[in-house]
Amino acid sequence: MAGAAFTEIGTTQQGCKVCGNPVTVRAHIVPRAIALDVKGNDTALLVGESERKRNWPSQNGIWDHCLLCEEHERHLSECDRIGVEITRKISDVQINAARRQGLVIENVNPRLLATFAVACVWRYVKSRYGTKYRESLGPYDAICTRYIFENFDYNIPVLVALSPLVAPDDSIAPIISMPLRKRIFDRNAWSFQVNAAYYSVFLDKRPLPEAYDRFRVDMANPLSIVVPGSLSISDWKGWRKLFEGK
């Protein structure tokens, strides 16, 4: 099946969102390499806008040209490299084997992988996409900025799971979904999918129970991946609304 990405289009604000430098560069919300992985051998990546129930082709993903200056875009290269590497490991698994045996992978740099996940949320919220819907990190705005760009020592739990969405051939459906605010374990979180990996970033004062430590991107090596039950993408409301007009 063709890869797909889901987002909303909004307006832009001028200047780097970290330092205010008016000279900004084209910055992807999630790494371009992941978008190309999702596109695969298809001619384009389908981008869906949920509010308008429409979709359009993109060659290399979802980006914003008024988000970061060159210095701060370059700062994210290492965490994005780790994020791409781990996301590919997760996306390459055989889903049936993972359901039978579980899934454990090497997490060579937990802090950088967590930074990747937090940075994906931050980039979305600060971008033209998040601006349109007045998304906000609230009291965690400055904390996330320093966590990403200053290596600020702060406890931000991050979990990762296999996506439950499967294609007709029972393979995991390759999509990119922009971060959404959710309540998980009665805590505030932002969740998003990149290819077959589903990340959840917890921005809540209450810590996660220790039972989840082995699933925590930010601390566990080896890292256990949550393997949920499956949901056919044709039964998912988001897919039907965007690509079937239902």
Side-chain angles (χ1 to χ4, degrees), residues 2-13 17 26-39 44-68 73 76 79-80 83-84 87 90-91 114-138 140-141 144-145 148 156 158-165 172-184 188-203 217 231 233 236-243:
F6 303 86
T7 186
E8 296 86 9
I9 295 296
T11 58
T12 62
Q13 294 179 337
K17 302 303 185 292
R26 176 172 169 148
H28 283 79
I29 309 305
V30 299
R32 178 175 180 270
I34 291 177
L36 294 177
D37 286 347
V38 171
K39 186 176 76 169
L45 178 75
L46 285 178
V47 178
E49 183 184 357
S50 59
E51 186 174 80
R52 297 182 183 176
K53 298 183 181 180
R54 69 185 182 100
N55 62 78
W56 67 94
S58 170
Q59 291 301 312
N60 54 21
I62 303 160
W63 55 273
D64 191 329
H65 63 274
C66 295
L67 180 61
L68 292 169
E73 167 70 2
L76 297 177
C79 72
D80 281 352
V84 169
T87 296
I90 295 171
S91 301
T115 300
F116 159 76
V118 176
C120 287
V121 174
W122 184 92
R123 283 180 283 202
Y124 165 71
V125 171
K126 296 292 186 179
S127 73
R128 54 181 171 155
Y129 307 102
T131 298
K132 179 179 180 181
Y133 290 97
R134 300 180 181 178
E135 299 285 19
S136 172
L137 294 171
Y140 291 93
D141 191 311
C144 287
T145 303
I148 298 164
I156 300 182
V158 180
L159 303 183
V160 64
L162 274 177
S163 168
L165 297 173
I172 299 175
I175 70 170
I176 299 170
S177 66
M178 292 294 98
L180 290 174
R181 285 179 289 183
K182 293 190 172 184
R183 294 286 289 179
I184 303 176
N188 295 315
W190 290 81
S191 295
F192 64 96
Q193 181 172 336
V194 283
N195 207 338
Y198 190 85
Y199 291 88
S200 294
V201 176
F202 290 81
L203 300 178
V217 162
L231 171 67
I233 195 166
W236 179 44
K237 291 181 180 179
W239 178 269
R240 296 176 67 186
K241 181 167 66 172
L242 287 167
F243 297 98

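Atoms considered below: every heavy atom in the structure, side chains included; atoms not considered: hydrogens, waters and symmetry mates. Since the structure is predicted, the reported quantities are computational estimates derived from the model, not experimental observations.
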Partners meeting side chain to side chain donor-acceptor pair (under 3.5 Å) with [X] (sequence neighbours left out):
X: Arg134; result: none
X: Tyr140; result: none
X: Trp190; result: none

Checklist line | Under-4.0 Å salt bridge between Arg123 and Asp80 | finding: yes
Margin query: Strictly below 4.0 Å, N to O, side chains only: are Lys126 and Asp141 in salt-bridge contact?
Written below: yes
Would you compute the distance between atom [atom1] of [X] and atom [atom2] of [Y] and round it to the nearest 0.5 angstrom?
X: Ser163; Y: Asn195; atom1: OG; atom2: CG; result: 9.5 Å
X: Ser127; Y: Leu67; atom1: OG; atom2: CG; result: 6.5 Å
X: Ile29; Y: Ile176; atom1: CD1; atom2: CD1; result: 11.0 Å
X: Asp64; Y: Lys17; atom1: CG; atom2: NZ; result: 6.0 Å

Note to self: Working note: Asn188 + Arg181, criterion side-chain hydrogen bond (donor to acceptor under 3.5 Å, both in side chains); need CA distance, chi angles, decisive distance, verdict.
What the structure shows: CA-CA 7 Å; Asn188 295 315; Arg181 285 179 289 183; over 6 Å; no
Next item on the list: Would you name the heavy atoms of Thr87 and Val194 that are closest together and state the gap between them?
Entry: CG2-O, 3.4 Å
Margin query: Please find the pair of heavy atoms, one from His28 and one from Glu73, that lie closest to each other, and give the distance.
Written below: N-OE2, 4.5 Å
Margin query: For a 4.5 angstrom cut-off between non-hydrogen side-chain atoms, does Tyr198 reach Ser200?
Written below: yes
Margin query: Below 30° counts as parallel, above 60° as perpendicular, anything between as tilted: where do the rings of Phe192 and Tyr199 land?
Written below: parallel
